[in-house]
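For reference, the structure discussed in these notes is given below.
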Amino acid sequence: MIRAKEVILLFLWLFVLPTKGQIVSDSSNVSHRSDSLSKLAAFKNLSSLNKDKKKNNQDTLTADYKNIFDVLEANNQNKISFSWYLDNNTFDLRQTIAFDSSLYFNNLIIPGSKKYAPFTYLGNMGSPIINDHFFDRTEPNNDFIFSYGYNAYQQPVLERKQFNVKRPHTLLEYSTGGKKKSAEQNLHVIHTQNVNKYFNVGLQYDYFSTKGIYENQLTRNNDFTLFSSYFKDRISAQGTFAYTYIRNNENGGLEDDRFIQDTIMEPDLIPFNLSDASNEFRKRSFAGFVGYDLIVKAIDNDSIPASKRKKSILNAKLIIDANRFSKVYKDAESDSSYYQHFYINTSSTFDSIYLLTYQTTLLVELSQISKFPGIPGLRAWVSNISGSYYYLKPEVFISSNDNERISTNLFGIGAYSKSPYLSYSAAARFYINGYRAADKELFGQMTISPWKSLDMPYVSGEISITDKEPSIFMKEYFSNHYKWDNNFDKESRFRISAKFGADKVKFEAGYNLLHIVNYTYFDTLSLPAQEQNVTVTSAYIQKRFSLGWFNMVGRLIWQASTSEAINLPVLSGFGSIFVQFPVVKNALTVQLGVSGFYRTKFYAYAYNPALGVYYNQKEKEIGNYPFVEAFLNAKWKRTNLFVKVDHLNMGYLDNQYYTALHYPYNPRMLKFGLSWMFYD
């Protein structure tokens, strides 16, 4: 097991590793040969009288070592920014968009809203979020069930996006809305720069805050990450440190929905169930890897510098993923009937929960033979997961309450292949012993692109088969208001997904099927339960249509479930109509339009403040109410601006604007925001 001291030493090594090499001059996103070829082309016009000078320049070229572009065989190293992330399922390094500086729906500022599907939350920014489209919900890879609703506000750690940039990049985004006493504010800051063409450092800070239009609705969400990467010759390394602190007040929802539906009252006068309750969540994480090419193969190509004429054949990586979660729920609701049980104290509540996990993985990778596309590269790894957890137990009042220890070991195998026509990757994990003994996880994905580009029609698919032990906190838990001790069976899932699309015509359609045995969820009493057999199906279609200045964007989702354990809207989606036109050619572009989210009626989740989880309810159906906004987006060179009227349609329909049971959406509000990108 990796100790805290070893993790700190590894972190320091990652971030202060001494490097040599040239400062990035004109790089980002392409084939590892293009940069070298462009340099060699500069020598072709030299006369024979300059042979000695040519030789000296060629010697200089040999000092240009392999970097991240060569590792990913990038196709365009001339872009000013290049980005990738580590896929935790398969351990692939995958290219992704570095920065999105376009004008496209800058007005959608709630995390996850650009998936163009509605979601359940508590109506204000910073509150817990769960997607209404079941297949947009990312299955958590940790046992801390009490923080799942806040995943949308946190940056990933092991899968953190990394950068390689030609010039320092700084992105600043700020938005606000509402009156001063109830204002909503969001801040997003990211800075990244290369020390040289091999070594990058960066940081990101995200802040989501709402003072609250309704009673006791204050939110304060902070997420900070520090990240770095280093790829040179045989050495590869990247790492991320993250700290999340969230403190949100809890009002427990409306005392009576009629205060929204049947009366006209000032929002701050509407009574809610809780007036002195709050949740505090913290997360500290470090994740990353260090790799070394054990065996390399010489490449017979004189146009490539000598130092780059080698391909990794066998690589070894040490991967670390360490996380510490904690949550504290407090209230002083001694005369409240909101909770049915008081197991510890009838005058106040202080529930403290804690989870610490260390995952250490040793991986070896046999590279794909590039001369034969479709023939896979292979991976194999072993992992140990260790840690401890704590929650308040009755015996703590009699004797000391030591943390419970957890440990499990696994081995995994994987295969992958990359080519312009066909790419695939697969991984299988088998847990050997410990608290997850006999668990297994199998995952595979494939993309077929006959035209060698996702701009043209392509097909992709995924399949996953898992047998997993439910979260340790779903099995046992004790607090002031809730307790349980369950002997649950493993949860088995079989999922297939397929997608057809063409980026050039901005079209995508997909189908998903999931069968679950022993589905684990929170029932109508906010207690863990299992449903023996559940099947969930969804299909969607998404299209953007443009004709001159006129634009339409839409996404329609259909869903069905065979069990009341999973309640979903049958139809949901997003739509927008807007005009986009230039005001100042090549300088100022403007969008003006309306957009909205919609879902049919269904038994949307209720929320439990003491646990911080969403649970099933059969009290009231919610939905059949569109949330519409009018917006103006503008782009002036590197600056984006938006102004919008949120909840534009308030008062024109029945006042059934709930986002979760007894939680109303905020009233009509004017919001604006700015985004600046600097290349310095």
Side-chain angles (χ1 to χ4, degrees), residues 14-17 19 21-30 32 34-35 67-72 74-86 93-106 109 111 114 154-157 159-175 186-208 222-232 236-243 287-288 586-587 589 633-642 673-680:
L14 281 171
F15 283 83
V16 301
L17 187 66
T19 61
Q22 301 173 349
I23 299 297
V24 174
S25 59
D26 203 27
S27 71
S28 207
N29 202 339
V30 171
H32 69 284
S34 60
D35 185 54
N67 62 9
I68 183 62
F69 303 109
D70 309 298
V71 172
L72 291 178
N75 296 320
N76 183 3
Q77 296 190 16
N78 295 319
K79 288 186 177 181
I80 62 173
S81 58
F82 180 79
S83 190
W84 71 96
Y85 68 95
L86 176 68
L93 292 177
R94 301 188 183 278
Q95 289 182 235
T96 187
I97 297 173
F99 295 95
D100 182 6
S101 59
S102 69
L103 197 59
Y104 203 53
F105 290 129
N106 292 324
I109 56 175
K114 290 189 179 181
Q154 304 173 57
Q155 290 296 309
V157 185
E159 295 186 283
R160 161 77 220 191
K161 182 192 292 187
Q162 300 286 340
F163 296 91
N164 190 293
V165 293
K166 186 171 65 174
R167 298 192 297 271
H169 282 49
T170 303
L171 175 64
L172 300 175
E173 294 180 346
Y174 175 78
S175 66
N186 304 322
L187 176 65
H188 170 71
V189 180
I190 184 168
H191 174 79
T192 182
Q193 67 181 73
N194 270 56
V195 177
N196 52 45
K197 69 187 304 179
Y198 314 103
F199 183 31
N200 175 275
V201 294
L203 59 87
Q204 180 170 332
Y205 175 66
D206 292 288
Y207 176 70
F208 301 92
N222 299 267
D223 186 68
F224 172 79
T225 60
L226 178 66
F227 55 91
S228 181
S229 63
Y230 178 84
F231 289 81
K232 183 178 180 182
S236 58
Q238 64 184 51
T240 301
F241 169 78
Y243 175 71
N586 298 325
T589 302
N633 294 331
K635 183 176 181 63
W636 175 263
K637 297 182 179 179
R638 297 179 186 172
T639 302
N640 290 345
L641 163 75
F642 80 81
L674 289 169
S675 172
W676 301 270
M677 173 64 80
F678 302 97
Y679 307 116
D680 297 320

List the residues meeting ring pair (Phe, Tyr, Trp, His ring centres under 6.0 Å) with F163, not counting sequence neighbours, and say none if there are none. F99, F227
What's the shortest heavy-atom distance between Q162 and S228, and which atoms? OE1-O, 3.3 Å
Distance in Å, Y679 OH paired with R638 CZ, rounded so as to fall on 0.5 Å steps: 6.0 Å
What closest approach, in Å, do V165 and S81 show between heavy atoms, and which atom pair accounts for it? CG1-CB, 3.9 Å
Under the side-chain contact (heavy atoms from CB on, under 4.5 Å) criterion, do Q95 and S83 qualify, and how do the steps go? CA-CA 6 Å; Q95 289 182 235; S83 190; over 6 Å; no
N200: what forms a side-chain hydrogen bond (donor to acceptor under 3.5 Å, both in side chains) with it, not counting sequence neighbours? T192, N194
How long is the straight-line distance from CH2 of W84 back to CG of L93, given to the nearest 0.5 Å? 8.5 Å
The criterion is side-chain contact (heavy atoms from CB on, under 4.5 Å); which residues satisfy it with W676, sequence neighbours excluded? L172, T639, L674, F678
Would you give the length of the straight line joining atom CG of N186 to atom CZ of F208, rounded to the nearest 0.5 angstrom? 6.0 Å
On a heavy-atom basis, which atom in N640 and which in K635 lie closest, and how many Å separate them? OD1-CG, 3.1 Å
Of all heavy-atom pairs linking K161 and A98, the shortest is NZ-O, 3.3 Å
Measure across Q204 and I190 and return the closest heavy-atom pair with its distance rounded to 0.1 Å. OE1-CD1, 3.3 Å
Partners passing side-chain contact (heavy atoms from CB on, under 4.5 Å) against E173 (at least two apart in sequence or in another chain): L171, H188, S675
Atom CG of D223 and atom OH of Y243: how far apart are they, to the nearest 0.5 Å? 10.5 Å
What's the spacing between Y230 OH and F199 CZ if we round to 0.5 Å? 8.5 Å
By ring pair (Phe, Tyr, Trp, His ring centres under 6.0 Å) - contacts of Y207 (at least two apart): none
For Q193, give me all partners under side-chain contact (heavy atoms from CB on, under 4.5 Å), at least two apart in sequence or on another chain. P168, H191, V201
Residues forming a side-chain hydrogen bond (donor to acceptor under 3.5 Å, both in side chains) with S102, sequence neighbours excluded: D100
Distance-only, no hydrogens or angles: does the N164 side chain make a donor-acceptor pair with backbone N or O of K197 under 3.5 Å? yes
Minimum heavy-atom separation for G202 to L226, with atom names? O-CD1, 3.3 Å
So, do L203 and F224 sit near enough that their side-chain heavy atoms are less than 4.5 Å apart? yes
Quick one: do I68 and F82 satisfy side-chain contact (heavy atoms from CB on, under 4.5 Å)? Show the steps, please. CA-CA 9 Å; I68 183 62; F82 180 79; 4.0 Å; yes
From OG (S229) to CG (N67), nearest 0.5 Å: 10.0 Å
Among side-chain atoms of R160 and Q238, is any donor-acceptor pair under 3.5 angstrom? no
Who are the side-chain hydrogen bond (donor to acceptor under 3.5 Å, both in side chains) partners of T589, not counting sequence neighbours? none
Could you list the residues that satisfy side-chain hydrogen bond (donor to acceptor under 3.5 Å, both in side chains) with Y205, not counting sequence neighbours? N222
For P156, what residues pass the side-chain contact (heavy atoms from CB on, under 4.5 Å) criterion, not counting sequence neighbours? E159
In terms of heavy-atom contacts, does NZ of K637 have more than 12 from other residues, nucleotides or ligands at under 6.0 Å? no
